[in-house]
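Worksheet for the structure shown next.
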Amino acid sequence: MLPPGPYNPQEEEPKILKFWLDNNFYKPEYNPEKDKVVSFEEMLKDPRPTFCIINPPPNAYGRPHLGNVSGYAYQDLLLRYHRMKGYLVYGQPGKDHAGIQGEIVVLREYFRPKGITKANITREQFYKETYEYFMRVKEQAKQDEQRIGLSSDFDRDVFTLDPDIVDIVLDTFIKLYKDGYVYKGVRIVNWCPSCKTALADIDTEPKERETDFVYIKYPLLRQDQRVWRLSIYNRDVLNAILQGKKTIETRALNPEEPERFFGDIKQGDIVVFVDKSKEGHRAAYPFVAKRVAIYKSLKELYEQEDVAKINSRGKKVSYEEFEAGYASLADGYLEKIKKNGMVAIELESYKPGKDFITVATTRPETMLGDTAVVVNPNDKRYKELIGRKVLLPLVWREIPIISDPIVDKTLGTGALKLTPAHAYEDYQIMLNWNQEHPDEQVDYVNVIDKDAKMTGPVGKYYGLNTQEAREEVVEDLKKLGLIEKIEQKEQRVYVCERCKTVIEPQMSSQWFIKVDELKKPATEVVEKDIIKIHPRNMKKVYLDWMKVMRDWPISRSLWWGYRFPVWYKGKVEEKIDEEGKVTMYIDGKPVRDFKEAEKLGLAKVSKKSPGKGWIQSDYVFDTWFSSGQWPFATLMKFGLFEKFYPTDVMETAYDILKWWVSRMVMLGIYRTGKIPFKHVYFRGLIKGKDGQKMSKSKGNIVLPAEVIDKYGADVLRLFYIVGNKAGAAYQITEDKLEGNKRFLNKMWNASRFVLMNINDVLEDLPKIDPNKLKLTTDDKKMISEVNSIVEKTKKYIEDFKFGIIAVELRDHFWHVFCDWYLEAVKPRLRSDDSEDKLAAQYTLYYALKQYLKIFHPYIPFITERIWQEFPKGKGEHRSLMYTRI
RNA sequence: GGGCAGGUAGCUCAGCCGGUUAGAGCACUCGCUUGACAUGCGAGAGGUCACAGGUUCGAGUCCUGUCCUGCCCACCA
């Protein structure tokens with residue numbers, strides 16, 4: 001008999017939980033027919049249809065809050081419902097190592113109090129201690145999951161860094177690499193010049209500061225004006241020009257060598273001499289072609305008065321000497337010139353003209369690495385200029401004017417200098433532009449090195465730190481008359497969270513997954529509803545994301561995670577070359593890319609060390625790379641893959657649709673050839689009591705344990721589910737919890753009333769044939785009412801609308817069963833007409849039983865507790881969990 | 001700036017393949033300490049369904065526009 005008084009979940013729930021766990025009801029090996037755990041092999045042969053949910057692994061580094069846990073209510077509802085429907089059910093629990101966030105938390109909350117930082121601990125020691133730390137916290141999280149009633153198989157609780165999971169995940173990487181879906185490419189990263197490491201966005205923090213806002217005039221090139229860049233191999237020639245010699249005969253004139261062919265050069269074009277010598281770092285000297293003449297022979301050229309007839313010491317030379325100079329050149333130059341003739345150009349110093357486009361910047365020194373000027377395509381002032389070229393001062397490169405809608409017309413001059421190597425936004429613009437304009441690609445030039453000093457093709461600024469370079473650049477621009485004005489501006493910069501040094505974004509070589517091919521099937525399965533997404537509008541979000549998804553960078557400069565199965569024969573370094581491009585050096589030897597290094601035997605992809613002297617890559621994988629493989633990796637680990645994959649439902653929060661769901665679909669199909677799940681259900685976001693999204697920083701966190709301690713797990717589960725629909729946000733209030741508590745109390749008391757009043761015939765009831773009873777109109781109505789609400793609820797649950805129907809179900813129990821039928825039946829229970837009384841008793845028994853079953857997936861504890869008081873009929877299990885619905 | 005939700009009773013939200021008097025819980029008012037439950041029962045009040053147009057015999061529901069709110073993405077050179 002149920003104890004009297006209000007329902008006491010604190011008393012009842014732990015007992016029920018123990019009952020479930022002790023009997024191994026959560027395990028797929030538990031067989032309800034035999035009422036015992038069967039062998040693994042026998043379970044695999046079980047003919048029942050399967051139902052499997054992989055629980056999205058929460059971060060293992062801390063207690064999950066109410067929002068984090070809400071999913072379990074939905075997952076468990078589905079698990080329990082299908083168990084009762086007769087499926088072989090498997091719930092896979094797990095925990096995530098949470099890469100970046102995990103590392104930050106463990107550093108802050110575990111290592112820092114002990115005075116340990118990454119500077120005074122080895123990588124191996126860090127990993128070992130962090131792993132142990134996570135294992136401890138993981139146990140606590142598991143208890144929360146069990147308390148809420150999640151009926152997953154906790155004996156198979158896994159961690160993303162379990163060695164056998166790691167093995168499966170790394171195999172996927174190796175397969176991707178072999179299939180050509182993985183490459184090493186260059187990408188912008190947050191670089192801390194002090195810590196000498198790349199940082200994730202989350203490791204940086206914003207800081208406001210006052211700074212100069214410099215307006216720089218970039219000279220516009222006329223539309224017919226071209227820029228010729230000539231390499232200077234001979235400094236003396238350069239010196240001669242700089243000393244005022246007007247005409248330069250250049251040997252870079254041969255029509256047979258197109259890259260050096262200057263037959264097209266015309267008056268007014270810009271000629272820039274580039275010093276390729278090492279110490280000059282590509283200093284550039286600009287001139288204007290004043291006169292261009294074509295000569296049939298060397299002799300004809302020599303006879304021109306203004307030709308620089310000088311030797312290497314600047315001394316006048318005879319024709320013979322002049323010709324001898326050419327004869328000494330390689331490649332039969334002289335012969336070619338004699339045959340084809342040549343072009344000579346008369347030069348004058350370059351002076352900026354009157355046409356400019358003005359850009360504004362807080363970082364003038366980065367202009368040395370500019371590769372474009374960007375304007376808004378709708379900006380009337382600049383519309384005509386899109387596609388034109390400007391001459392980038394100081395380094396005298398020709399760069400295009402491009403457009404991007406991101407550019408704010410009202411900021412600065414409305415024209416933005418593009419430095420893709422040193423500004424995130426610029427990098428994005430470059431990617432966008434290149435994607436849409438494959439024929440007019442914009443590149444990057446990296447001009448700041450890992451010590452925040454100028455590098456690359458920056459001429460005399462080479463080696464200066466950014467501050468010095470900034471001052472000098474502004475000074476030089478002033479001399480050229482190219483500074484329009486300088487204003488003061490509030491600027492936000494990002495600093496390293498640890499050392500507060502200003503972040504220098506720069507290019508760095510990273511691993512990428514090529515997604516073009518992989519996303520095709522991942523798009524198709526959702527398009528064709530082979531994977532169904534609930535709510536439906538999220539399908540569009542998914543498909544939109546797939547369209548714009550670019551190659552996925554998967555390497556992270558962290559310690560906490562899967563280390564890349566990549567080995568180098570010696571130390572790996574990255575340097576910036578003279579072109580401003582990132583170059584990799586292995587053991588001091590430059591290599592173009594990883595493929596080349598592999599060919600040269602300097603690099604290898606392998607899970608184990610190839611041998612002595614090989615050093616493993618420092619990179620670890622992006623967390624989503626491993627969690628993207630979670631559905632099949634977990635099942636493979638336990639040998640359950642064949643039995644349960646594809647899984648049935650993936651229930652998760654909608655904010656990780658792009659990050660997680662898309663990756664699981666992509667990698668799942670890639671690795672297994674099958675979709676990872678048939679349905680995706682997005683739960684609503686839990687808002688705190690203040691109506692804001694629940695988050696630690698807002699201080700509106702509620703822990704599930706607090707609610708369970710006070711109200712019990714069933715109350716919390718009702719809060720999560722009742723009246724809520726997929727993808728919507730909803731708020732927690734004390735009122736809602738209180739209301740749910742009252743409902744449970746109602747169910748408790750109604751059940752006790754029923755049990756009290758059927759006690760005398762309790763054991764007979766399951767055997768009664770209702771057709772032989774004298775059922776009244778009320779009885780029949782009650783039976784039909786409860787049957788119809790049960791059927792309706794089942795239909796709704798299968799349609800993923802369990803929240804909506806729960807309201808109706810609750811009201812049905814309360815108002816139809818309690819308020820109407822229970823009241824109506826009271827006189828009959830006291831009557832002497834035993835036949836009529838029995839009909840009423842049977843109806844009470846039957847209706848309540850139906851309610852208990854249909855409520856069990858929602859509120860498992862209280863329903864299971866009441867069920868224990870019921871005699872079990874044919875086909876009814878000692879646990880409500882396995883009683884057929 | 002782009003995308004996606006949403007604005008319905010005092011509060012939190014349902015209702016939206018168009019169709020009688022628009023619903024629930026909590027709060028509120030009034031009346032009920034009868035034996036499952038006062039964590040209860042009965043009765044009641046409360047809404048120009050954000051605004052403006054349009055389609056229609058008929059619009060909270062469909063279309064267009066406007067104004068707010070929230071979320072995601074991007075951004076503040």
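Below, chains carry the letters A, B, ... as their sequence lines are ordered, and counting in each starts from 1. Bear in mind that the values here come from a model prediction, so they are computed numbers and not experimental data.
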### Task
Kindly write out the residues that satisfy side chain to side chain contact (heavy atoms under 4.5 Å, CB included) with A:K532, not counting sequence neighbours, or none if the list is empty.
A:D529, A:H534, A:H679
### Query
Which residues pass the side chain to side chain donor-acceptor pair (under 3.5 Å) test with A:E808, sequence neighbours left out?
A:K792
### Task
Tell me the stems RNA chain B sits in, counting at least three consecutive Watson-Crick or G-U wobble pairs, each under 3.5 Å on both distances.
B:1-7 with B:67-73, B:10-13 with B:23-26, B:28-32 with B:40-44, B:50-54 with B:62-66
#### Entry: Between B:G47 and B:U39 - C1' atom distance, rounded Å
29 Å
### Message
Counting only side-chain heavy atoms from C-beta out, which of B:C4, B:G42, B:A36 sits nearest to A:A750?
### Response
B:A36
### Query
Nearest to the side chain of A:K741 - B:U39, B:C4, B:G25?
B:U39
### side chain to side chain donor-acceptor pair (under 3.5 Å) partners for A:E11, two or more places apart
none
### Task
Look at the side chain of A:R810 and decide which nucleotide, out of B:U39, B:A24, B:C41, has an atom nearest to it.
B:A24
### Query
Relative to A:F753, does A:K826 satisfy both conditions: NZ or CZ under 6.0 angstrom from the six-membered ring centre, and within 45 degrees of the ring's axis?
yes
### Query
In chain order, what residues pass the side chain to side chain donor-acceptor pair (under 3.5 Å) check against A:Y74, with sequence neighbours excluded?
A:Y730
#### Entry: Selected nucleotide, minimal atom distance to A:I804 side chain, candidates B:C41, B:A77, B:A14
B:A14
#### Entry: B:G3 and B:U66, which share atom name P, separated by this distance in whole Å
13 Å
### Task
List in chain and number order the residues that pass side chain to side chain donor-acceptor pair (under 3.5 Å) with A:D811, two or more places apart in sequence or in another chain; answer none if no residue qualifies.
none
